[in-house]
Amino acid sequence: MSTQIELLEAEVKAAIGRAVKAGLLTLDTPASITLDRPKNRDHGDYATSIALALAKAAGKKPGEVAQIISRELEGAAGVLRVEIAGPGFINITLTRASQAELVLTILKQARDFGRTDALRGVRINLEFISANPTGPLHLGHTRWAAVGDALGRVLTAAGADVTREFYINDRGNQMDLFGASVEAAALGNPIPEDGYKGEYIADLAKEVVASNPAITELAQGARHEAFREAAYSLQLRDQQRVLDNFGTHFDIWFSERSLHHQGAVEHGVEKLRRQGHVFQAEGALWLRTSNFGDDKDRVLMKSDGSFTYFSSDTAYYINKRERGFDICIYMLGADHHGYVGRLKATAACTGDDPEYNIHVLIGQLVKIMEGGQEVKLSKRAGTIITLEELIEKTGVDAARYTLIRYPVDTPMVIDIDILKRNTNENPVYYVQYAHARIAAVLRNAAELNISVNLADFDPTQLTHDRENELLGALAQYPRVVASAAQMRQPHRIARYLEELAVTYHGFYADCRVLPLGQENPTPLHTARLLLCSSTKVVIANALDLLGVSAPERM
RNA sequence: GCGCCUGUAGCUCAGUCGGAUAGAGCACCUGCCUUCUAAGCAGGUUGUCGCAGGUUCGAUUCCUGCCAGGCGCGCCA
């Protein structure tokens, strides 16, 4: 079950333990050892700077500590050579065969290879997109549609129990304005001053009237409501359809209205009151969020007796926690970063630990280039690019991959023209190509009747540098998944995939996998074939975490 | 004014607890398919890691200040 890295880390730890026991070192054995994959191949298969880190505590020079540890480490399972370099790095070279065992591990675990239990048992509510149902999803939502979904998959792979949730902002002035806009379009009246003006409003109007011709005959008040509700339902369904096509699925579509209907807001206020952070001032009801780092206190109920949007937010958070979620992750756009303080403070007001129970990810905005120019997005002016349009232009895989490839706190620039090109200017093809290439090799191998029986795998066959590099890259995968989950950074999966693809392509160029001409299959052919097969498994698993397909042919 | 994010090659960007000679793609040049997918491989060119201090064996990474850009600071939703 353990990968070679984990085993080696345990060996290093054990070596330190032995040194301490023998009185060679006086210090506490560190809880974890970090092994790095050195960039320079002369530095062995793995390197650790643990001796440098422990030098001070041990009261010795780093070089001496490294000497002591490396002496204990020599002869450990699978270790071929231990060397000390520079100020005290310990460079470890493994026997080739011990590294090659990984192939069997991967092929046995197959789809489960890379899954960890880093977050086992943790119930996570992952909320993202949460758009108003007053228009199509646009590029602002797109980044989250891709990244949020990928994060959900990554957290699941790390063992967490994840629920993806979309909060429908179906309450308030925006909805009325939206309804009034559709109504006006249907009746041929001018769209209200602050109304929605996109073409889709006219389309919605037609659709509403087509499905219910009598709607225009209703009395004004009833008509207004009927238009709003009909348009709402159509628009929501449209959002769901588009997200479905994009491969982003939600477990729960949570209506803000339902929160109010079930009295959750009053319940939330009551809970906060019991915690002692609610107070009355200037005729309004406030939450003292400033006690927990917020810049100012927030109003829960206005002096006119109505609840604020903030009160919905707090109620919603409390509702999530009462549904049993340990961690609530929010994914918000940079234009909402002002919410972080109050959300965290709200969590603290309910008695939660804002460092653990709530996690707010802020995504910087996406800038779009097309035809060499920046495309300005304005819902008002109707110059939005919708998620659907982006998919039409680039395809789901290219769009998803590009959006996920960058950390969310970087403002990113997307050039539509580049995305449209099916060339390796888009790294997704480079990665997918590696997968398709392996698939082709495996197809050809099947025709040649080469054994892919695990029992015929001989790890000592894999002695080429390229094979060694590939094995090293494959061994990284589980820890990449774990760190992507822990850091909430799915882009790490994409970057890893690119590295793995580079390594595979290099291997492929230098290491012939199948027999040439009339040559008979040898154990080396089988070993390389199984190495290819295990690489294919890892690429497919990683692409799956991004929601990107792993094609058999390209 | 206060707060969050960003500043790394000509362009777009990577770079988990500080680690060895700072990386990738694109762009530009040169080689490699009469045998596994050339959407590939190999090689070449490209840097004041925004600036200035500090912390230490060691700083692109941590701390402080400054400069530049993006975004936000309602009893709006």
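A, B, ... follow the sequence lines: proteins, then strands. Residue 1 opens every chain.
If you measure from atom CG of A:Asp409 to atom P of B:U61, you get 16 Å, rounded to the nearest angstrom. Rounded to a whole Å, the NE2 atom of A:His435 is 14 Å from the C1' atom of B:U37. Put simply, NE2 on A:His505 is 11 Å from P on B:G25, counting in whole angstrom units. Distance A:Arg492 CZ to B:C13 P: 18 Å, rounded to the nearest Å. Rounding to whole angstrom units, CD of residue A:Glu498 and C1' of B:A14 are separated by 9 Å. For the pair A:Tyr433 OH and B:G25 P, the interatomic distance rounds to 16 Å; values are reported in whole Å. Between A:Tyr496 atom OH and B:G25 atom P there is a gap of 18 Å when expressed in whole angstrom units. Straight-line distance from the CD atom of A:Glu64 to the P atom of B:C57: 15 Å, rounded to whole Å.
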Test salt bridge (charged side-chain N to carboxylate O under 4.0 Å, His left out) applied to A:Arg37 and A:Glu499, step by step: CA-CA 13 Å; A:Arg37 192 82 189 154; A:Glu499 272 183 47; over 6 Å; no
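Note on ring orientation: taking the six-membered ring where Trp is involved, the planes of A:Tyr167 and A:Tyr316 are parallel (angle under 30°, cut-offs 30° and 60°). The aromatic rings of A:Tyr196 and A:Phe178 stand perpendicular to each other, their planes meeting at an angle above 60°, with 30° marking the opposite boundary. Between A:His336 and A:Tyr339, the ring planes lie perpendicular to each other; the angle is over 60°, past the 30° to 60° tilted range.
Between A:Val408 and A:Arg488, every side-chain heavy-atom pair lies at or beyond the 4.5 Å cut-off. Counting only heavy atoms from C-beta outward, the side chains of A:Leu448 and A:Pro515 approach each other to under 4.5 Å. Side chains of A:Leu529 and A:Val441 form a contact here, defined as non-hydrogen atoms less than 4.5 Å apart.
The six-membered or imidazole ring of A:Tyr433 lies away from that of A:Tyr430, with a centre-to-centre distance of 6.0 Å or more.
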Tell me, for nucleotides 31-36 of chain B in 5' to 3' order, what letter each nucleotide earns: B for a base near a protein heavy atom under 4.0 Å, S for only sugar-phosphate near one, - for neither? ----BB
Contact string for nucleotides 71-77 of chain B, one letter per nucleotide 5' to 3', B = base within protein heavy-atom range under 4.0 Å, S = sugar-phosphate only, - = neither, reads BSSSBBB
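Here A:Met554 lies in heavy-atom contact (under 4.0 Å) with a base. Heavy atoms of A:Arg443 sit under 4.0 angstrom from at least one base atom. Among the protein residues, A:Glu447 comes within range of no part of the nucleic acid, since none of its heavy atoms lies under 4.0 Å from any strand.
For the C1' atoms, the distance linking B:C71 with B:G53 amounts to 29 Å, nearest Å. To the nearest whole angstrom, the two C1' atoms, one in B:C29 and one in B:G10, are 15 Å apart. Remark: the separation of the C1' atoms in B:A22 and B:A9 is 11 Å, to the nearest Å. When the P atom is used for both B:G40 and B:C26, the distance is 7 Å, rounded to whole Å. For B:A77 and B:C5, the C1' atoms lie 24 Å apart once the distance is rounded to whole Å. Rounded to the nearest Å, the gap between the P atom of B:U16 and that of B:C11 is 23 Å. Across B:C36 and B:A27, the matching C1' atoms stand 32 Å from one another, rounded to whole Å. Using C1' as the reference atom, B:C28 and B:C62 are 39 Å apart when rounded to the nearest Å.
A:Tyr508 carries A:Arg437 over the face of its six-membered ring, with the cationic atom under 6.0 Å from the centre and within 45° of the normal.
Contacts between residues 531-540 of chain A and RNA chain B, counted as heavy-atom distances below 4.0 Å, involve no residue at all.
Here A:Asn444 pairs with A:Leu514 under the side-chain contact (heavy atoms from CB on, under 4.5 Å) rule; sequence neighbours left out.
A sub-4.0 Å separation between OP1 or OP2 of B:A14 and a side-chain N or O of A:Thr410 is present. Distances shown here put a side-chain N or O of A:Tyr430 below 4.0 Å from the OP1 or OP2 atom of B:C41.
Between the A:Ser255 side chain and the A:Arg257 main chain, a donor and an acceptor come within less than 3.5 Å of each other. The main-chain N or O of A:Ala399 is never found under 3.5 Å from a side-chain atom of A:Thr402 such that the two would form a donor-acceptor pair. Between the side chain of A:Arg443 and the main chain of A:Glu552, a donor-acceptor pair closer than 3.5 Å is present.
Checked options A:Val103, A:Val537, A:Ile539, A:Leu531; the residue passing with A:Leu474 is A:Leu531 (criterion: side chain to side chain contact (heavy atoms under 4.5 Å, CB included)).
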Nucleotide N/O to protein N/O under 3.5 Å, stretch nucleotides 18-23 of chain B:
from, atom 1, to, atom 2, distance (Å)
B:A20, OP2, A:Lys39, NZ, 3.3
B:A20, N6, A:Asn91, OD1, 2.7
B:A20, N1, A:Asn91, OD1, 3.3
B:A20, N1, A:Asn91, ND2, 3.3
B:U21, O4, A:Asn40, ND2, 3.0

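An anti base is found at B:C71: its glycosidic angle is more than 90° from 0.
Helical stems involving RNA chain B, defined as 3 or more consecutive Watson-Crick or G-U pairs under 3.5 Å, span B:1-7 with B:67-73, B:10-13 with B:23-26, B:28-32 with B:40-44, B:50-54 with B:62-66.
Shortest non-hydrogen contact noted between A:His525 and A:Val513 is CD2-O, 3.1 Å.
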